[in-house]
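Notes follow the structure.
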Amino acid sequence: MTWIEIHGRLANTALLYTGIMALWGFWRYFRRQGIESNYWGALVIAELLYVLQGSLGAFIWLSGAGVPARGGIHVLYGVVSLMVLPGVFFYTKGEATRRAMMVYAAALLFLVGIALRAMSTGG
């Protein structure tokens, strides 16, 4: 298995995990619940998954093993995906309220779209 194949499969994992996290977030919001410790832990795992994905992508790109079909936009999607969850954390000031739950759920849904676009531009 090549690094590019691992990068692609990790992208599928990130997409599915982020989608599940978004659904979980909306479910908690509509049940009038805020963010609990389990959800915080899952958010950390999501961010680590995107960091691993981005690091592997950077390694592939810098080693010359593969250049995405539309390199610049693919890299931009990767950078944005790394910044979304920390950005939401700073926007909500680390609150665990019901409102923050909705913001995270919406941001995770946005990440699903970013992941799909990144996968389509990666070739």
- Item | Partners meeting side-chain hydrogen bond (donor to acceptor under 3.5 Å, both in side chains) with Y50 (sequence neighbours left out) | T18
- For residues 54-65, pull every pair meeting salt bridge (Lys or Arg N to Asp or Glu O under 4.0 Å), keeping only residues two or more places apart or in separate chains. none
- Item | Nearest-0.5 Å distance, CH2 of residue W40 to CD1 of residue I45 | 14.0 Å
- Message: Any non-hydrogen side-chain atom of W24 less than 4.5 Å from a side-chain atom of Y104?
- Response: no
- S55: side chain to side chain contact (heavy atoms under 4.5 Å, CB included) partners, not counting sequence neighbours: V51
- Of all residues at least two apart in sequence or in a different chain, which pass the side chain to side chain contact (heavy atoms under 4.5 Å, CB included) check with T2? I4, E5
- Any chance you could measure M21, atom CE, to L109, atom CG, to the nearest 0.5 Å? 13.0 Å
Identify each donor-acceptor pair in which a side-chain atom of residues 75-90 lies under 3.5 Å from a protein atom, sequence neighbours left out, and give them as a table.
{"unit_1": "Y77", "atom_1": "OH", "unit_2": "R117", "atom_2": "NE", "d": "3.3"}
{"unit_1": "S81", "atom_1": "OG", "unit_2": "Y77", "atom_2": "O", "d": "3.4"}
{"unit_1": "S81", "atom_1": "OG", "unit_2": "G78", "atom_2": "O", "d": "2.7"}

- Message: So, taking the atom named CG in L15 and the one named CG in L111, what distance separates them when rounded to the nearest 0.5 Å?
- Response: 10.0 Å
- Item | Contact list for residues 41-56, test salt bridge (Lys or Arg N to Asp or Glu O under 4.0 Å), sequence neighbours left out | none
- Message: Once ring-ring contact (aromatic ring centres under 6.0 Å, His included) is applied, do any residues pair with F26, and if so which ones, sequence neighbours excluded?
- Response: none
- Item | In one Ile/Leu/Val/Met/Phe/Trp/Tyr side-chain cluster, 4.5 Å: V44, L108 | no
- Task: Please round to the nearest 0.5 Å and tell me the distance separating atom CZ of F30 and atom CE of M102.
- Result: 4.5 Å
- Task: Decide whether W27 and F110 are clustered together by the hydrophobic rule: side chain heavy atoms of Ile, Leu, Val, Met, Phe, Trp, Tyr closer than 4.5 Å, transitively.
- Result: yes
- Message: Would you compute the distance between atom CG of L49 and atom CG of L10 and round it to the nearest 0.5 angstrom?
- Response: 5.0 Å
- For E95 and A100 the tightest heavy-atom approach is O-CB, 3.6 Å
- If you look at every heavy atom in A105 and G25, which pair is closest and at what distance? CB-C, 3.7 Å
- Not counting sequence neighbours, which residues clear side-chain hydrogen bond (donor to acceptor under 3.5 Å, both in side chains) with R9? List them please. none
- Task: Just grab all the salt bridge (Lys or Arg N to Asp or Glu O under 4.0 Å) pairs involving residues 16-42, residues at least two apart or on different chains.
- Result: R28-E36
- Under the side-chain hydrogen bond (donor to acceptor under 3.5 Å, both in side chains) rule, collect the residues that match up with Y39, sequence neighbours excluded. none
- Message: Please determine whether side-chain contact (heavy atoms from CB on, under 4.5 Å) holds for the pair M119 and N12, giving the CA-CA distance in whole Å, both sets of side-chain angles, and the decisive distance to 0.1 Å.
- Response: CA-CA 9 Å; M119 291 167 76; N12 287 333; 2.8 Å; yes
- Query: Excluding sequence neighbours, so at least two apart, what forms side chain to side chain contact (heavy atoms under 4.5 Å, CB included) with A106?
  - Reply: none
- Before giving the answer on side-chain contact (heavy atoms from CB on, under 4.5 Å), spell out for R98 and Q33 the whole-Å C-alpha distance, their side-chain angles and the decisive distance to 0.1 Å. CA-CA 5 Å; R98 181 173 181 250; Q33 297 174 331; over 6 Å; no
- Query: What distance do L116 atom CG and T121 atom OG1 have between them, rounded to the nearest 0.5 Å?
  - Reply: 11.0 Å
- Does one hydrophobic cluster hold both L52 and Y17, with members joined at side-chain heavy-atom distances below 4.5 Å? yes
- Query: How would you list, by chain and number, every residue that makes a side chain to side chain contact (heavy atoms under 4.5 Å, CB included) with I6, sequence neighbours excluded?
  - Reply: M1, W3, L56
